Amino acid sequence: MKIEKITENKKQFLDLLLLADEQEDMIDKYLATGNLFALYDDDLKSVCVVAPIDSETCELKNIATYREYQGKGYGKALIKFIFELYGKDYKTMLVGTGETPTILSFYESCGFEKSHRVKNFFTDNYDHLIFEEGIQLVDMIYLKKTFSTHR
């Protein structure tokens with residue numbers, strides 16, 4: 001398994017990024033300024049984008065694994081990698097997601113804890129209704145990870 005930072009042609013990963021954020025213009029808002037990482041195990045399995053918010057906080061803006069490889073540890077491996085990388089320079093990492101039990105449970109199992117909620121984020125910012133696991137996404141649920149290794 002290897003993880004690479006992608007600095008050029010980030011849009012070549014759009015098909016995978018759209019699995020986690022299904023509207024391209026929303027991805028465009030963070031892809032240019034965020035750092036894109038790709039995890040390979042023979043071939044591409046997962047990607048993620050991390051963007052700085054301020055000098056102490058960064059945000060995991062997108063993480064996606066091809067469906068056939070989900071549940072095999074690739075997402076967790078990618079999160080472990082970015083925790084080690086960003087924990088040196090940042091105090092906190094945020095991640096925002098819909099109120100879907102499986103996804104919330106995944107992030108909590110990776111060390112994130114619930115932080116706050118942004119009301120009506122999905123209904124106000126997307127041009128269509130979004131459903132995950134049969135649940136309509138309305139509010140953005142933020143989770144955070146506080147790094148003990150910070151500077």
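Below, each value reflects all heavy atoms present in this structure, side chains not excepted, and no hydrogens, waters or symmetry copies. What you are looking at is a predicted structure, and each value in this text was computed from that prediction instead of being measured. Nothing fancy with the numbering, it's 1 onward along the sequence.
At a threshold of 4.5 Å between non-hydrogen side-chain atoms, the residues S115 and L143 do not count as touching. Contact annotation: the side chain of V118 never approaches that of D139 to less than 4.5 Å [non-hydrogen atoms, C-beta and beyond]. Side-chain contact between K144 and H116: absent, with no pair of heavy atoms (C-beta onward) separated by less than 4.5 Å. At least one side-chain heavy atom of Y126 sits under 4.5 Å from a side-chain heavy atom of D21. L137 has its side chain out of reach of F121: every pair of non-hydrogen atoms, C-beta onward, lies at least 4.5 Å apart. Looking only at side-chain heavy atoms (C-beta outward), V47 and L39 stay at 4.5 Å or farther from each other. Within the 4.5 Å cutoff, no side-chain heavy atoms of F106 are placed close to those of F112. V50 is not listed as a side-chain neighbour of E59, based on a closest heavy-atom distance of 4.5 Å or more.
In this structure, a donor-acceptor pair under 3.5 Å is absent between the side chains of T92 and E56. Checked by atom type, the side-chain pair D41/Y69 shows no donor-acceptor distance below 3.5 Å. With hydrogens and angles left out, the side-chain atoms of D43 and Y66 include no donor and acceptor closer than 3.5 Å.
A salt bridge is absent between K10 and E8: the closest approach of a Lys/Arg side-chain nitrogen to an acidic carboxylate oxygen does not fall below 4.0 angstrom. Under a 4.0 Å N-O distance rule, the pair K145/E108 does not qualify as a salt bridge.
Taking hydrophobic clusters as Ile, Leu, Val, Met, Phe, Trp and Tyr residues chained together by side-chain heavy-atom distances below 4.5 Å, L104 shares a cluster with V95. Note on I53 and I82: separate hydrophobic clusters, where clusters join Ile, Leu, Val, Met, Phe, Trp and Tyr whose side-chain heavy atoms are under 4.5 Å apart, directly or indirectly. Hydrophobic cluster membership is shared by M1 and L85, with clusters built from Ile, Leu, Val, Met, Phe, Trp and Tyr side chains linked at under 4.5 angstrom. Cluster annotation: Y142 is not connected to Y30 through the hydrophobic network of ILVMFWY side chains, with a link wherever side-chain heavy atoms come within less than 4.5 Å. Cluster membership for I135 and V138, using ILVMFWY side-chain heavy atoms within less than 4.5 angstrom, is not shared.
Rounding to the nearest 0.5 Å gives a distance of 8.0 Å between CE of M26 and CZ of F122. Annotation: the span from T57 atom OG1 to D54 atom CG amounts to 4.0 Å, rounded to 0.5 Å. For the atom pair CD1 of I63 and CD1 of I103, the computed distance is 11.0 Å after rounding to the nearest 0.5 Å. Atom OG of S109 and atom CD1 of I79 lie 7.5 Å apart (nearest 0.5 Å). A distance of 8.5 Å separates CG of L31 from CG of N62, quoted to the nearest 0.5 Å. Taking NZ of K5 as the start and OG1 of T7 as the end, the distance is 7.5 Å to the nearest 0.5 Å.
Contact detail for L44 and A38: the closest heavy-atom pair is CD1-CB, 3.8 Å. Considering all non-hydrogen atoms of both residues, G75 and T65 come closest at N-OG1, 4.0 Å. In terms of heavy atoms, A64 sits closest to A20 at CB-CB, 3.9 Å. Taking all atoms of both residues into account, the shortest heavy-atom contact from I3 to A77 is CD1-O, 4.2 Å. The shortest non-hydrogen separation linking L60 to C48 is CD1-CB, 3.8 Å. Contact detail for S46 and Y74: the closest heavy-atom pair is OG-CB, 3.4 Å.
Using a 30° and 60° split on the angle between ring planes, Y86 and Y90 fall in the tilted class, from 30° to 60°.
With a 6.0 Å radius and a threshold of 12 heavy atoms from other residues, nucleotides or ligands, K114 has its NZ atom at or below the threshold.
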Set out, in order, the CA-CA distance, both residues' side-chain angles and the distance that settles side chain to side chain contact (heavy atoms under 4.5 Å, CB included) for E132 and T102, then state yes or no.
CA-CA 10 Å; E132 282 182 9; T102 304; over 6 Å; no
Please lay out, stage by stage, how E24 and K11 fare under the test salt bridge (Lys or Arg N to Asp or Glu O under 4.0 Å).
CA-CA 10 Å; E24 187 174 349; K11 283 278 202 145; 2.5 Å; yes
For the pair V49 and N35, evaluate side chain to side chain contact (heavy atoms under 4.5 Å, CB included) and give the outcome as yes or no after the intermediate values.
CA-CA 5 Å; V49 179; N35 291 316; over 6 Å; no
Output, in order, the C-alpha distance, side-chain angles, deciding distance and verdict of side chain to side chain contact (heavy atoms under 4.5 Å, CB included) for K91 and F147.
CA-CA 5 Å; K91 193 169 159 182; F147 298 111; 5.9 Å; no
Test side chain to side chain contact (heavy atoms under 4.5 Å, CB included) on E99 and M140; report intermediate values, then the result.
CA-CA 7 Å; E99 203 161 5; M140 174 82 81; over 6 Å; no
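No donor-acceptor pair under 3.5 Å is formed between the side chain of N9 and the backbone N or O of Q12. For the pair T123 (side chain) and N120 (backbone), a donor-acceptor distance under 3.5 Å is present.
Each salt bridge (Lys or Arg N to Asp or Glu O under 4.0 Å) pair with one or both residues in residues 67-83, not counting sequence neighbours, appears once here: K80-E84.
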